[in-house]
Protein chains: 2
Amino acid sequence: MRRHNLALVLREIAAHGPCARTEVAAATGLVHASVTALAAELIGRGLVAEVGSASSGGRGRPRRLLRLVPGRVVAIAVQVTLERVEVLAADLAGAVVHRASVPHHAPFGDPEPLAAVLADAIRRAEAVVRTRPDAHLARVVIAMAGPVTGPGRTVAAAIDFGWARTDLRALVTAHLPDLACPVDLVNDANVAALAEYHARAEQGGELPYAVAYIKADTGVGGGLVVGGRIHTGTHGLAGEVGHIPLAFDGPACPCGARGCLAMYVGPEPLTAAAGLADIAAHEGVDAALTELDHRLRAGDPSATQALTAAGRAVGAAVLAITGLVDPAEVILGGYLATWYPWLTEGIDTTLSGRRAVAPHLEPTITPGRLSEEATLRGALQTSREATLNTPTQIPHPNPQNP
Amino acid sequence: MRRHNLALVLREIAAHGPCARTEVAAATGLVHASVTALAAELIGRGLVAEVGSASSGGRGRPRRLLRLVPGRVVAIAVQVTLERVEVLAADLAGAVVHRASVPHHAPFGDPEPLAAVLADAIRRAEAVVRTRPDAHLARVVIAMAGPVTGPGRTVAAAIDFGWARTDLRALVTAHLPDLACPVDLVNDANVAALAEYHARAEQGGELPYAVAYIKADTGVGGGLVVGGRIHTGTHGLAGEVGHIPLAFDGPACPCGARGCLAMYVGPEPLTAAAGLADIAAHEGVDAALTELDHRLRAGDPSATQALTAAGRAVGAAVLAITGLVDPAEVILGGYLATWYPWLTEGIDTTLSGRRAVAPHLEPTITPGRLSEEATLRGALQTSREATLNTPTQIPHPNPQNP
DNA sequence: ATTAATATTGCAAGAGTTGAAAAAAATAAT
DNA sequence: ATTATTTTTTTCAACTCTTGCAATATTAAT
């Protein structure tokens with residue numbers, strides 16, 4: 001149908017920067033005439049604009065380049081951590097419209113105060129977006145630690161916040177009766193995986209069919225991207241690699257099982273293994289992680305040994321991921337990316353046996369490129385994909401000429 | 001396009017038995033007129049036929065039911081095991097056209113003799129199909145143990161046969177220059193997973209978004225079905241659950257890693273744990289498995305304890321699968337299905353902790369329903385899906401009226 | 001200035017879907 | 001027995017969207 005082809009052209013323009021109609025036609029398989037008609041509609045909707053001409057080297061009429069109109073479609077991403085609410089509003093090209101970081105002191109077990117903080121942060125971001133002429137707020141995406149389940153994926157079960165089955169979207173939208181756009185709830189590590197996946201695209205080269213992502217910061221999480229889409233699983237648990245068992249007779253984990261990955265690479269076990277349990281107990285686990293960073297860079301043996309042991313656990317997790325999902329790449333995030341040089345020895349130890357038997361079947365393991373931004377960028381990416389696939393949902397900019 | 005809607009109507013007729021045009025229109029969202037036109041084309045191609053009328057209770061014109069023409073489109077499935085080649089040819093409704101079981105004595109390391117046996121078996125099945133008037137052979141699907149990789153997924157790496165990177169499809173088709181249909185190579189456990197997935201559909205109820213399958217017989221394998229499709233992974237390794245590590249300091253596995261699931265539930269470790277290592281060494285592992293079955297049914301303590309221990313390993317594998325893939329259901333196959341009653345205690349032991357913390361997030365664990373037939377049926381299912389999605393590739397039955 | 005090359009647009013034709021109306025086939029009511 | 005009613009199927013014209021060709025626009029080279 002027309003909507004399908006409209007989305008096809010829009011995605012092509014969004015993906016391959018400013019490009020001419022001829023290039024779009026070649027890439028999409030559509031005929032020139034169709035691209036002209038579809039591009040005209042996209043221009044009419046204010047999504048796409050011509051941006052000067054550029055000769056293609058030889059003689060002939062120069063191609064008139066099409067690109068997304070900056071600031072036309074904006075999404076708001078909100079990341080909830082234990083201490084702060086991070087907000088990033090950006091357009092489809094990723095240009096930042098608004099950025100904020102709001103500290104919060106949400107009580108354990110009661111989601112309502114945090115919902116109020118979130119609603120307030122969203123309202124401020126929306127106000128900034130509204131000051132821009134012709135800007136259309138397409139979506140609000142809230143990224144949280146913990147599985148997102150339930151019908152419509154609106155329910156968060158966040159152990160760190162003491163919630164069980166909380167319909168966070170309903171709580172937040174109750175504060176925002178005038179908000180016209182959809183509000184999505186997503187898992188933070190899942191969308192971070194998506195962001196890292198797309199960060200590959202900007203480095204050129206083919207996008208792999210499947211990638212896995214493992215991150216550790218305040219907790220251990222991850223995500224699976226298969227065919228460009230997040231695999232959420234039946235209950236939103238997919239990619240929760242923190243609780244895959246590496247030693248089924250290992251130490252008991254709060255999740256109820258034994259020997260989970262989180263018991264080997266999580267912040268508490270890791271700092272304890274490096275001999276920093278005292279600091280963690282008295283000054284908090286963040287302070288212990290900072291100290292661990294110092295000691296690693298100073299070459300402290302117990303610190304590097306702790307990271308090598310963690311690397312062995314990561315290697316075992318990679319083996320489990322390989323057997324089940326078989327991704328082309330496993331991307332490490334959080335402090336697993338920061339401390340990647342100290343992890344490689346342990347990872348290689350675990351994987352060496354398998355690599356010797358089947359060297360070409362193992363995924364490449366790389367540290368992530370996006371660090372702190374991964375989650376917010378990934379949340380924006382989910383909105384971006386929804387928008388590019390449904391361009392007809394963007395209203396015409398000038399109401400007198402629909 | 002037309003092809004898309006044609007496939008839509010055909011899939012609907014195939015899925016929901018004999019049904020009237022009105023029902024197809026309601027189920028697909030198409031208009032009555034379109035269904036009439038599309039059904040006419042399918043009837044013209046000989047894929048669909050009217051099968052009498054049936055009053056719908058009240059007054060009014062009775063609906064004329066449409067159904068697939070039996071025997072019109074046939075696929076050949078071939079399963080390769082260490083001792084035999086099993087062949088099953090059936091139409092789109094699953095009606096068996098031909099069945100054969102050919103013993104072989106393929107030498108270790110040389111795929112060519114087995115390729116000759118396969119080609120011969122395929123040629124015989126094709127001859128049977130050709131005797132049927134109007135029957136069209138759509139596809140040959142060869143199911144093998146071991147990962148299927150390479151461009152076009154034609155390369156088998158079967159440890160049991162001593163092959164590494166063998167383009168089995170090329171070897172087989174070289175013997176069959178006159179074969180007009182495509183030949184696919186698939187992993188046996190992957191397609192068995194697909195078959196078990198579709199066996200759920202016939203029992204009524206919604207098909208789940210994701211299911212995982214674990215089977216053990218001569219080896220330990222599995223498959224993942226996500227959104228109705230087999231997830232093969234980047235190298236065809238996905239679902240190779242036999243080599244996910246359950247204890248990263250456990251016993252060394254031939255795959256190069258340590259503590260793999262296969263080291264706990266594979267036939268050799270399992271019979272050894274039951275005290276049957278002598279029988280396995282002298283009479284073969286199959287004899288040991290038969291003896292284990294007798295002892296289980298007789299209530300032998302060391303046998304039941306071995307199964308309980310294997311159940312604990314299966315439970316750990318389920319935890320890994322839950323964290324990574326989060327299926328709605330984990331289906332057990334091979335002797336894991338046969339001996340399911342003896343496994344439950346061990347499975348429940350491993351999962352009890354997690355179930356106590358998050359009871360609604362765990363997959364249901366069930367024994368498979370298809371036993372021996374799963375792989376052949378699943379191979380046919382892959383062909384069936386390809387055919388239903390591309391009905392225009394079936395030629396018209398009467399050449400004088402195209 | 002003319003020619004060649006390349007990019008975009010306009011237009012008629014064609015394929016396909018849609019919605020309404022008509023036809024077909026059975027049952028219920030008169 | 002005939003008529004009305006209901007349900008399913010088919011026919012038909014209108015409409016949408018893509019396609020392929022021809023025309024136009026724009027620049028470099030001759």
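Here the structure is a predicted model, which means the values were calculated and not measured. Side-chain atoms are counted along with the backbone in the values below, which use heavy atoms only and exclude waters and symmetry mates. We name chains A, B, ... by the order of the sequence lines, and we start the count at 1 in each one.
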[N] [atom2] sits how many Å from [X] [atom1], rounded?
X: A:Leu6; N: D:dT18; atom1: CG; atom2: C1'; answer: 14 Å
X: A:Leu38; N: C:dT9; atom1: CG; atom2: P; answer: 12 Å
X: A:Asn5; N: D:dT16; atom1: CG; atom2: C1'; answer: 12 Å
X: A:Glu41; N: D:dT18; atom1: CD; atom2: P; answer: 10 Å
X: A:Glu50; N: D:dA25; atom1: CD; atom2: P; answer: 16 Å

Which residues satisfy the salt bridge (charged side-chain N to carboxylate O under 4.0 Å, His left out) test with [X], sequence neighbours excluded?
X: A:Arg369; answer: none
X: B:Arg139; answer: B:Asp184
X: A:Arg67; answer: none

Partner of A:Ile122 under side chain to side chain contact (heavy atoms under 4.5 Å, CB included), chosen from A:Val183, A:Leu137, A:Leu176, A:Thr173
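The side chain to side chain contact (heavy atoms under 4.5 Å, CB included) with A:Ile122 is passed solely by A:Leu176 among A:Val183, A:Leu137, A:Leu176, A:Thr173.
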
With the criterion being N/O to N/O and under 3.5 Å, what pairs connect the protein with nucleotides 21-25 of chain C, and how long is each?
residue : atom : partner : partner atom : Å
C:dA25  : N3   : B:Arg61 : N            : 3.3

Strand contacts (DNA chain D) in residues 19-32 of chain B, 4.0 angstrom heavy-atom criterion
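Within residues 19-32 of chain B, the residues near DNA chain D are B:Ala20, B:Arg21, B:Thr22, B:His32.
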
Considering only C:dT8, D:dT9, D:dT8, which nucleotide approaches the side chain of B:Arg63 most closely?
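Of the candidates, D:dT8 comes closest.
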
What's the closest nucleotide to the A:Ala33 side chain, out of C:dC11, C:dT17, D:dT9?
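Per side-chain heavy atoms of A:Ala33, the pick is C:dC11.
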
Side chain to side chain donor-acceptor pair (under 3.5 Å): which pairs involve residues 377-386 of chain B, sequence neighbours left out?
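Side chain to side chain donor-acceptor pair (under 3.5 Å) check on residues 377-386 of chain B returns B:His198-B:Gln381, B:His198-B:Glu385, B:Gln381-B:Glu385.
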
Can you pull out every side chain to side chain donor-acceptor pair (under 3.5 Å) where at least one residue sits in residues 6-18 of chain B? Sequence neighbours excluded, please.
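Every side chain to side chain donor-acceptor pair (under 3.5 Å) pair that includes a residue of residues 6-18 of chain B, provided the two are not neighbours, is B:Arg11-B:Asn389, B:Glu12-B:His16.
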
State whether the side chain of A:Asp326 and the backbone N or O of B:Thr234 hold a donor-acceptor pair below 3.5 Å, judged by distance alone.
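Yes; at least one donor-acceptor contact below 3.5 Å.
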
Return no unless some side-chain N or O of A:Arg64 is found under 4.0 Å from OP1 or OP2 of C:dT9.
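So the side chain of A:Arg64 is within the cut-off, an N or O lying under 4.0 Å from OP1 or OP2 of C:dT9.
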
Contact under 4.0 Å: B:Thr36 side-chain N or O vs D:dT10 OP1/OP2:
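Indeed, a polar side-chain atom of B:Thr36 lies that close.
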
Without placing hydrogens or testing angles, list every side-chain donor-acceptor pair under 3.5 Å for residues 24-31 of chain B, not counting sequence neighbours.
residue : atom : partner : partner atom : Å
B:Thr28 : OG1  : B:Val24 : O            : 2.8
B:Thr28 : OG1  : B:Leu30 : N            : 3.3

For B:Arg64, give me all partners under side chain to side chain donor-acceptor pair (under 3.5 Å), at least two apart in sequence or on another chain.
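Side chain to side chain donor-acceptor pair (under 3.5 Å) list for B:Arg64, sorted by chain: B:Glu50.
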
Side chain to side chain donor-acceptor pair (under 3.5 Å) against B:Glu329, all qualifying residues, sequence neighbours excluded
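So B:Glu329 forms a side chain to side chain donor-acceptor pair (under 3.5 Å) with B:Arg200, B:Thr366.
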
Once side-chain contact (heavy atoms from CB on, under 4.5 Å) is applied, do any residues pair with A:Pro391, and if so which ones, sequence neighbours excluded?
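By the side-chain contact (heavy atoms from CB on, under 4.5 Å) rule, A:Pro391 matches A:Leu6, A:Ala7, A:Leu10, A:Leu42, A:Leu47.
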
Where do N or O atoms of nucleotides 2-4 of chain D meet protein N or O atoms at under 3.5 Å, pair by pair?
none

